[in-house]
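In what follows, a single structure is set out as structure tokens and then discussed.
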Amino acid sequence: MPYSKDVLNLKRDLSKVADPSYYDQTKLIREARKAEDGMVPYSGMGARSANEYFQFIELPCAQLRTDKNYNQVDTSLTIGGRYSEDIVSTHVPFFVSGMSYGSLKLPAKIALHLALNRLAEEGTKVLMNTGEGGALPWELYGSDETRSRISLRQHQNMMDSSDRLLKEHGLESQDREQLFRRLYPLVTQYASGRFWKDPSYLLNADAIEIKIGQGAKIGHGGLLPAAKVTELVAENRGIPSYRAAHSPSRHLDILGPEDLVAKVLELREITEWKTPIIVKVGASRVYDDTVIILKSYADVVAIDGYVGGTGAAPWEVRDVIGINTIPSIRQAKEASENYYSNHERDESILLVHGGVWDSERIAKCIALGADGVGIGTGFMLTMGCALVQDCYTNECPAGLTGSYEKLDIQESVSNIVNYVNGTMSELRNIVGSLGKKSIRDLRRDDLIATDELTSVVTGLPLRDGGTYRDLIKARIKRILTQKQNKRIEKGLPEDRHP
Amino acid sequence: MNAADKFVVRKSILELAKNGRPRSNSIDHEIRCNYNEGFSEGNLWDYVTALGAQVSRPPYDPYRETISLDTPIGRRSNRIVLKMPLLIYDSREIPQASETALDIALNRLAENGITLGLISQNQIGNRKYPLFQKIHQPLRYYCSDGLVLKYNGAESIRYVEKIRTEFEGPILVEVDDAFAGYSGELMDAGADGFLADTVKMTKGDRCKGKHAMAVIREARVAIDKYYKGKENDGTCLIVAGDINNSGNIMKAVALGADVIGYSASLLIANAGIHSVNPSDSIVVAERIYNHIMGTKGEIKGVVGALGYSDFRNLSPSDLRTSSIRASLQGNIPLEGIDRSYSEIIEEILDDIIKDENLEIEETEKHAVIEALVGEW
């Protein structure tokens with residue numbers, strides 16, 4: 001539904017009755033939308049956090065661009081092996097976060113697929129998460145292993161379904177040979193909506209992610225507005241078309257820690273203990289959630305900060321629920337350290353998402369304790385996302401989440417490849433310029449906080465080497481001294497104060 | 001992230017995507033430069049968020065499960081139950097057409113089972129929603145469901161005592177910044193609740209410089225102190241002022257408000273849009289109705305996502321903040337460390353006292369903490 005965004009008059013009316021500082025334009029638009037249709041207003045992308053902390057953390061001496069060659073720096077990421085037989089290895093410590101078909105239009109999904117294939121051919125494997133809306137045929141059946149064991153009938157079904165998808169989007173000329181192969185590792189998402197058609201969704205994945213929640217709508221199930229549930233999207237998800245897909249806010253069979261254990265073990269049995277299992281939560285009670293996940297036989301803990309993006313979320317849920325990515329890494333790390341003080345250390349991995357777009361932020365997350373970082377909006381930006389946040393409508397100025405005919409697939413592929421290569425080079429430069437050989441060597445000692453709050457929230461030292469505790473201690477001593485001086489001025493006996 | 005930061009992010013990522021070569025500046029470097037050029041803290045409410053429910057506590061589903069927003073007002077058997085924690089009040093004059101629109105909208109909401117209250121100085125007949133009439137002194141006849149009296153010294157306490165003997169419905173008292181000093185007497189006299197207009201109160205001497213969240217916290221502490229060791233029999237705290245959207249309603253309730261006073265003029269302005277003729281009461285009423293329906297959906301969604309089936313279960317422990325000032329004002333724990341800034345100060349002060357073997361009395365210790373807090 002089109003909404004009037006000309007809010008100037010509305011703002012003028014409001015300023016007569018309220019302090020203008022209480023309002024900003026986005027809030028005015030939101031209130032006006034409610035009055036328009038009585039519905040809960042949605043928005044796309046991540047929350048508008050008032051303080052993300054990233055900008056107040058520095059990596060002293062680290063350089064994005066150098067004259068030296070740091071190509072030998074190890075930037076790889078390995079997932080699995082804690083309980084799973086298989087492990088997934090990639091050449092970069094970042095991956096494509098879950099962005100499902102339906103939320104993203106087909107051309108954008110194809111661009112990501114082709115770009116990751118090209119990168120894999122060039123020797124850089126990057127992991128991709130399907131998102132909760134089910135996987136596309138070439139994602140599920142495109143790997144060498146699955147192609148070798150696929151039946152003739154399955155092959156025919158896959159080709160038919162792909163033809164319809166491509167035809168619907170005017171992409172009949174797309175090279176099938178190029179499309180029907182997957183050279184990169186794939187994570188399929190096991191979300192509360194259970195949007196998949198058959199077990200191959202779980203069996204053909206390189207890793208499975210149980211999505212308890214996501215940063216943009218913590219405690220709220222996935223959401224795909226009706227206008228975006230086209231017939232093919234509906235078919236892919238096994239739901240009615242043109243009706244909003246509201247996933248349950250929780251897995252109906254996961255109500256607590258014991259249920260999570262049961263679910264992980266169920267998936268382990270289905271995959272014969274081969275496939276790594278990730279459990280992802282939105283960042284809120286991170287400490288407790290991390291301990292529960294570590295006890296659940298999962299291989300990987302994934303935390304999504306509340307600035308993490310989405311295709312559609314209720315505006316208020318997105319903006320007021322959750323905590324930022326940086327403090328959530330600290331809590332997850334503390335929970336993990338505490339857990340391993342009582343258990344033998346094993347191969348658990350911490351992945352984080354939310355508000356991470358470039359190499360410096362990736363390096364900061366890893367130095368703080370993450371092993372890998374999920375990126376969604378960064379990949380969208382490379383394909384032309386203009387950050388207008390209308391992803392929940394069927395209209396997108398860049399052709400990513402709507403108006404798909406606008407997207408130039410080949411240009412997007414080239415941009416994604418450049419983005420990954422550029423980010424990897426920057427990461428190598430950062431790590432190399434700090435005198436380290438592997439990104440896993442990054443430590444908290446490599447970081448400083450530039451303001452008191454960030455030091456409090458992260459526990460990092462300040463620029464002068466002290467911590468927030470030293471700063472507060474100095475203030476307390478100054479106040480105690482002032483009080484003492486006043487006593488002396490008044491001729492009162494001295495206290496035993498400094 | 002503000003619009004300028006978004007521009008920085010987009011430009012920088014596109015540069016990388018076009019060249020595929022390392023950039024000279026990172027995104028954070030440029031955002032930091034923007035920040036250093038001119039930082040405005042903006043609205044402190046924006047620095048407060050709530051902890052959602054995940055695996056350590058399951059969320060409720062607002063689409064499939066019942067989330068209660070029922071709000072009782074009154075300490076006696078004839079208490080009024082609102083179906084949303086909102087009381088509309090006309091803090092200033094609104095045009096006749098707007099009043100009519102509000103009446104139509106509230107009646108329609110009540111017909112659909114969403115009973116909201118209205119505080120007004122006018123007598124409104126033929127209505128389906130509870131009316132809280134503003135009065136200045138005891139009346140001969142009371143023709144409303146509840147009363148609102150503005151606190152005006154000891155005289156108000158006598159008024160409440162007198163009215164209590166004649167009027168069965170809830171009596172609310174609009175209080176000022178000295179509220180903590182006389183709230184107990186008002187409750188003893190028979191008041192059922194307090195209306196705290198945070199905008200007005202923060203202009204008073206005692207609350208000058210404080211934020212609404214500090215006022216709410218202090219008012220809640222005063223009420224809880226009265227009931228120490230006993231169950232609160234229904235005294236409610238109605239908070240009005242700068243709370244104007246569902247997120248802030250949730251935050252205010254978590255901090256201690258029971259009901260939110262929603263200014264009628266703000267409601268009309270929020271529901272309005274420049275293309276709507278303000279004198280067309282039917283259209284404006286429709287928009288107010290829609291606005292309240294949308295707000296109800298939002299509040300239910302947020303409450304469910306926090307893992308509650310009743311909004312009254314919200315508590316300060318559900319909140320976290322990313323601002324030291326907000327932490328001090330609302331005594332809200334900072335994210336990542338789960339302790340408020342004043343708790344951190346106290347802990348460090350205790351360490352100093354222990355390490356240096358100082359002898360400091362409890363009152364003096366609090367004075368030091370107050371002095372440090374005052375610097376913010």
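Note that these values count all heavy atoms, side chains included, but never hydrogens, waters or copies made by symmetry. Every chain is numbered from 1 and lettered A, B, ... according to where its sequence line falls, protein lines coming before strand lines.
- For chain B, the option among A:Ile329, A:Thr382, A:Ile479 with the highest count of heavy-atom pairs below 4.5 Å is A:Ile479.
- Only the side chain of B:Leu334 comes within less than 4.5 Å of a heavy atom of chain A; its backbone N, CA, C and O stay farther away.
- Counting only heavy atoms from C-beta outward, the side chains of A:Leu480 and B:Ile360 approach each other to under 4.5 Å.
- When every heavy atom of B:Ala50 is checked against every heavy atom of A:Ser284, the shortest pair comes out as O-OG, 4.2 Å.
- Smallest separation of non-hydrogen atoms from B:Pro59 and A:Ser249: CG-O, 3.3 Å.
- When the side-chain contact (heavy atoms from CB on, under 4.5 Å) test is applied to A:Thr290, the partners found at least two apart in sequence or on another chain are A:Val286, A:Leu294, A:Val301, A:Ile303, A:Ala332, A:Ala335.
- Contact of B:Glu30 with chain A is not made at all, since no heavy-atom distance falls under 4.5 Å.
- Using a cut-off of 4.0 Å between Lys/Arg side-chain N and Asp/Glu carboxylate O, A:Glu58 and B:Arg32 are scored as salt-bridged.
- Atoms CG and CD1, from B:Asp28 and A:Ile57 in turn, are 8.5 Å apart once rounded to the nearest 0.5 Å.
- In terms of heavy atoms, B:Gly52 sits closest to A:Arg285 at O-NH1, 3.2 Å.
- Interface remark: B:Leu372 contributes backbone and side-chain atoms alike to the contact with chain A (heavy atom separation under 4.5 Å).
- For the set B:Glu65, B:Lys296, B:Glu15, the entry with the most heavy-atom pairs within less than 4.5 Å of chain A is B:Glu65.
- In this structure, CD in B:Glu335 is found 9.5 Å from OG1 in A:Thr325, a value given to the nearest 0.5 Å.
- Among A:Ser49, A:Gly282, A:Pro257, the residue with the largest count of heavy-atom pairs under 4.5 Å with chain B is A:Gly282.
- Of the possible donor and acceptor atoms, one in the side chain of B:Arg10 sits under 3.5 Å from a partner among the backbone N and O of A:Cys385.
- We find the CG-OH distance between B:Leu14 and A:Tyr419 to be 11.0 Å, quoted to the nearest 0.5 Å.
- Annotation: maximal heavy-atom pairing with chain A below 4.5 Å, among B:Lys18, B:Arg339, B:Met293, occurs at B:Lys18.
- Only the backbone of B:Asn25 comes within contact range of chain A, with at least one heavy atom under 4.5 Å from a heavy atom of that chain.
- Taking NZ of A:Lys473 as the reference point, atom CD1 of B:Ile352 lies at 6.0 Å (rounded to 0.5 Å).
- For B:Ala53, the part sitting under 4.5 Å from any heavy atom of chain A is the backbone (N, CA, C, O) and nothing else.
- Heavy atoms closer than 4.5 Å to chain B are found in the backbone of A:Asp319, but not in its side chain.
- B:His29 has its side chain out of reach of A:Gln55: every pair of non-hydrogen atoms, C-beta onward, lies at least 4.5 Å apart.
- Of the possible polar contacts, one joining the A:Asp289 side chain to the B:Ser56 backbone as a donor-acceptor pair under 3.5 Å is found.
- Note: B:Arg57 leads B:Met250, B:Arg57, B:Glu286, B:Lys251 in heavy-atom pairs under 4.5 Å with chain A.
- Contact annotation for B:Arg320: only side-chain heavy atoms (C-beta onward) come within less than 4.5 Å of a heavy atom of chain A.
- Interface remark: B:Arg64 contributes side-chain atoms only to the contact with chain A (heavy atom separation under 4.5 Å).
- Ionic pairing of B:Asp61 and A:Arg250 is not present here: no N-O contact between side-chain nitrogen and carboxylate oxygen is shorter than 4.0 angstrom.
- By the 4.5 Å heavy-atom criterion applied to side chains, B:Ser322 and A:Tyr53 are counted as neighbours.
- Between A:Glu31 and B:His291, the closest side-chain pair of non-hydrogen atoms falls below 4.5 Å.
- In this structure, the portion of B:Ile344 lying under 4.5 Å from any heavy atom of chain A is its side chain and not its backbone.
- Residue B:Tyr289: no heavy atom, backbone or side chain, is found under 4.5 Å from chain A.
- Contact count versus chain B (heavy atoms, under 4.5 Å) is highest, among A:Leu427, A:Asp288, A:Leu387, A:Asn429, for A:Leu387.
- Rounding to the nearest 0.5 angstrom, the gap separating the CD1 atom in A:Ile375 from the CD1 atom in B:Ile13 is 7.5 Å.
- In terms of non-hydrogen atom pairs under 4.5 Å with chain A, the most contact-rich of B:Ser327, B:Ser24, B:Ala371, B:Ser12 is B:Ser24.
- Looking only at side-chain heavy atoms (C-beta outward), B:Asp351 and A:Arg469 come within less than 4.5 Å of each other.
- Within the 4.5 Å cutoff, side-chain heavy atoms of B:Lys6 are placed close to those of A:Gln389.
- Salt-bridge formation is not detected for the pair B:Arg21/A:Glu426: no Lys NZ or Arg NE/NH1/NH2 atom is positioned less than 4.0 Å from an Asp or Glu carboxylate oxygen.
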Would you check, one step at a time, whether the test salt bridge (charged side-chain N to carboxylate O under 4.0 Å, His left out) holds for B:Glu364 with A:Lys483?
-> CA-CA 10 Å; B:Glu364 199 169 351; A:Lys483 284 185 176 291; 5.7 Å; no
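- Of all non-hydrogen atoms in B:Ile337 and A:Val456, the two that sit nearest each other are CD1-O, 3.7 Å.
- Shortest non-hydrogen contact noted between B:Ile27 and A:Trp357 is CD1-CB, 4.1 Å.
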Please step through side-chain contact (heavy atoms from CB on, under 4.5 Å) for the pair A:Arg475 and B:Ile345, ending with a clear verdict.
-> CA-CA 10 Å; A:Arg475 284 194 207 126; B:Ile345 293 175; over 6 Å; no
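- Inter-residue side-chain proximity for B:Arg23 and A:Ser359 is flagged as met; some heavy-atom pair is nearer than 4.5 Å.
- Proximity to chain A is limited to the backbone of B:Ser323, based on heavy atoms less than 4.5 angstrom apart.
- Using a 4.5 Å cut-off between heavy atoms, B:Lys300 makes no contact with chain A at all.
- Within the 4.5 Å cutoff, the side chain of B:Val55 has no heavy atoms near those of the A:Val279 side chain.
- Atoms OG1 and CD1, on B:Thr49 and A:Ile218 in that order, are 8.5 Å from each other to the nearest 0.5 Å.
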